[in-house]
Protein chains: 2
Amino acid sequence: MKRTFITIKDIARELSISASTVSRALKDHPDISQETKDRVVAYAREMGYQPNSIALSLKSRQSHVIGLIVPEIVHHFFSSVISGIDEVASKAGYNVIISQSNESFEREIHNTRTLLGSRVDGMLISRTKETVDYDHFRHIDAAGVPMVFFDRTCEGVNADNVIIDDKKAAFDATEYLINTGCKKIVHLKGPENLTISHQRLTGYRQALEKHAIPYKSAYVIEADNYEKGVNAVRRLLSEHNLPDAIFTVNDLTALGAISALKEGGIKIPDQVSVVGFTNGVISRLSDPPLTTIEQNGFLMGEKAAKLLLERINNEEELPSRTEVIPTKLIVRKSTY
Amino acid sequence: MKRTFITIKDIARELSISASTVSRALKDHPDISQETKDRVVAYAREMGYQPNSIALSLKSRQSHVIGLIVPEIVHHFFSSVISGIDEVASKAGYNVIISQSNESFEREIHNTRTLLGSRVDGMLISRTKETVDYDHFRHIDAAGVPMVFFDRTCEGVNADNVIIDDKKAAFDATEYLINTGCKKIVHLKGPENLTISHQRLTGYRQALEKHAIPYKSAYVIEADNYEKGVNAVRRLLSEHNLPDAIFTVNDLTALGAISALKEGGIKIPDQVSVVGFTNGVISRLSDPPLTTIEQNGFLMGEKAAKLLLERINNEEELPSRTEVIPTKLIVRKSTY
DNA sequence: ATGAAAGCGCTAACAA
DNA sequence: TTGTTAGCGCTTTCAT
């Protein structure tokens, strides 16, 4: 299977003109006579000439490629982000090279090296949970390649960040529960070592505080996946410690909670309201449909790509910016 | 923000040797003295030298990049495929440029052009539902760029295909329904234009035939998303034409069907059994959990990438191959 | 209006 | 053992 790409030289030889004339004719340069242009364009089209962007990249020192590193592709949130990135990038004439770190620090480092070798014009990164050392990112910056972090930021690295306001989102969710009459609100929180867990917990506490509801540590339980959600709620039920609302760190955990509640014969939302976080596909389709926080991954991807393109196309050093993607409470049938 | 990449020339100048010596030293060429190698390697490492793969690509006429076109990234099945592709590609030293067609024929054509321009070494494609004309794919073949289609194939195009045994999977699903006592089995099928739709319909028919259940065209309705699933079943209900089972072309449609059944007060699976197709995350979490066909996207991605790499690394023309990924019926609570 | 030549970063055949 | 040269495909001064 051998490649058969026609080049500018081929066209030049065939039409007995020089390569530079062909090049100019192809880009409608004013110096070239209409007749020559017509001949060149006609022949190029006939032969299906496709400019070699590798040669262009080498010449212009611009690859028109954006490097992307995500922890996992198979994840509704991240794939939404990727989709948003692709949308903006392709419109601007950029290609996207994708790579996943699989939450492995080693792989993340390897990915940055590869992308640097590919001379990507910029990188979009969501770091792994493991990543605590940012030298590889500083190295990218030192090479003069702009970066934008999304969802998971890196303090102290010269780059833009795109995040959501976790604290406010959690506050909104909790306040909504309070406003619909709930007083005993359990929070199923995320792992200690993630910033989002803290932020969301803080938003929850602030809402309670505002409405003079005492904070009870027994009502905050670590659970961030389906199974843990099931177990946490089963325990509450067995202790006859039924709350009137549950606010979870993500949708899957909420579904686990709902499953355990149903199992215990508890009516949702009549006896217990449930609010999730993310607004993934599943939240719309669960039974009952889940009230949740919309965390717009597509928008985050679009925004991150736009910030990156701005940086790429700006000669001057821009100051580090942090963009906050708005969230929204989506009320469905798991609450009043 | 200006790029600061060090080149072989820079190293050569600094060490007062020629560029070719540096090049050879860096790849441990036997001709070069150990001393020179040491100096070069040390300096290169110190300066963080990263070979410019664009220059390498131009020289070697190999980009080590695979082009990927999917209809939609935000889709559990496709993101699984992408993940599998990335796994194999990155291990083999290939990058993946991703692009989505958004089920638009125009965009698909545009994507193929762009990727061709990028001189990708091969393409992995799942075409849009709209695509009926394959000239743009033939053009890729004419350029000598190998292709592998996955999930959605293109008859008459010189390429490999990776599919699942849709016919058998549909047969298995339908026969399972029959074996659990169902006789009036509705099939919500996919669009005419996709081979998978036909295959799944055929499997459904063959199962009926085997068990001497007459095929009724009124029981086969085109519906391939949530809303259409809802509508199709609502119509059946309003016509008092309740089946005892529904087999759908994908999970989302099944959930739509379930939603409409619940709305009509129909018990699942007591009155109607439901079987989906794909085994995405949602199927495990729906209420009731959905019986479905496991369609291993990750494996499909891995296989497709492997076939493509084989083609890329083989000079000889290989015959068109079709690889079938095994499926499995996952029985949950939406059936007996 | 067109052509010749140089160069982007790298490799490899050929010289020395 | 190392250097010189040419060339991958293209653009772009600088001639003509």
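To find a chain, count down the sequence lines: A is the first, B the second, and so on, and within it residues start at 1.
Comment: Arg152(B) engages Glu103(B) in a salt bridge, judged by a side-chain N to carboxylate O separation of less than 4.0 angstrom. Remark: Asp10(A) engages Arg13(A) in a salt bridge, criterion side-chain N to carboxylate O under 4.0 Å. Salt bridge Asp31(B)/Arg24(B): absent, no basic N to carboxylate O contact under 4.0 Å. Taking the charged nitrogens against the carboxylate oxygens, Glu87(B) and Lys91(B) do have a contact shorter than 4.0 Å, which makes a salt bridge. A salt bridge links Asp135(A) and Arg138(A); the closest N-O separation between the charged side-chain nitrogens and carboxylate oxygens is under 4.0 Å.
Residue His136(B) places its NE2 atom among more than 12 non-hydrogen atoms of other residues, nucleotides or ligands, all under 6.0 Å distant. Enclosure of atom CD in Gln34(B) by more than 12 non-hydrogen atoms of other residues, nucleotides or ligands within 6.0 angstrom is indicated. Residue His64(B) places its NE2 atom among more than 12 non-hydrogen atoms of other residues, nucleotides or ligands, all under 6.0 Å distant.
Sequence order on DNA chain D of the closest nucleotides to Ala55(B) and Arg24(A) puts Ala55(B) first from the 5' end. Nearest-nucleotide assignment on DNA chain D puts the 5′-proximal partner with Val22(B), out of Val22(B) and Leu56(A).
Taking the centre and axis of the six-membered ring of Phe137(B), the NZ or CZ atom of Arg127(B) falls outside the cone set by 45° and 6.0 Å.
Rounded to whole Å, the distance from CD on Gln62(A) to P on dC10(D) is 18 Å. Residue Leu26(A) contributes atom CG, which lies 13 Å from atom C1' of dG9(D) at whole-angstrom precision. Rounded to an integer number of Å, the gap from NZ of Lys59(A) to C1' of dA6(C) is 8 Å. Following rounding to the nearest Å, Leu15(B) (CG) and dT2(D) (C1') show an atom-to-atom distance of 14 Å. One interatomic measurement links the two molecules: CZ of Arg13(B) to P of dT2(D), which rounds to 20 Å at whole-angstrom precision. As a whole-Å value, the separation of Leu58(B) CG from dC8(C) P is 13 Å. Atom pair Ile32(A):CD1 and dT11(D):C1' shows a separation of 13 Å (rounding to whole Å applied). Spacing between atom CD1 of Ile11(B) and atom C1' of dT11(C) amounts to 15 Å, rounded to whole angstrom units.
An OP1 or OP2 oxygen of dC10(D) is reached within less than 4.0 angstrom by no side-chain nitrogen or oxygen of Lys9(A). Contact check, Ser33(A) against dT2(C): a side-chain N or O comes under 4.0 Å of OP1 or OP2. Phosphate proximity of dG3(C) to Ser18(A): present, with a side-chain N or O under 4.0 Å from OP1 or OP2. Distances shorter than 4.0 Å separate some side-chain N or O of Lys27(B) from OP1 or OP2 on dT11(C). An OP1 or OP2 oxygen of dG9(C) is reached within less than 4.0 angstrom by a side-chain nitrogen or oxygen of Arg61(A).
At a non-hydrogen distance threshold of 4.0 Å, Tyr49(A), Pro51(A) from residues 39-51 of chain A come into contact with DNA chain D.
If you check every strand for non-hydrogen atoms under 4.0 Å, Asp31(A) touches a base. In this structure, Ser20(A) reaches the bases: a heavy-atom distance under 4.0 Å links it to at least one base atom across the strands shown. Thr36(A) comes within 4.0 angstrom of the backbone, heavy atoms only, and of no base. Contact annotation for Ile54(B): no contact, since no heavy-atom pair falls under 4.0 Å across all strands.
Overall, the helix from dA1(C)-dT16(D) to dA16(C)-dT1(D) carries an axis bend of 50° between its ends, with five pairs at each end and the value rounded to 10°.
Under the 30°/60° scheme for interplanar angles, the aromatic rings of Phe78(A) and His75(A) are found to stand perpendicular.
Minimum atom distance to the side chain of Ile8(A) is reached by dT11(D), of the listed dT11(D), dT2(D), dC8(D).
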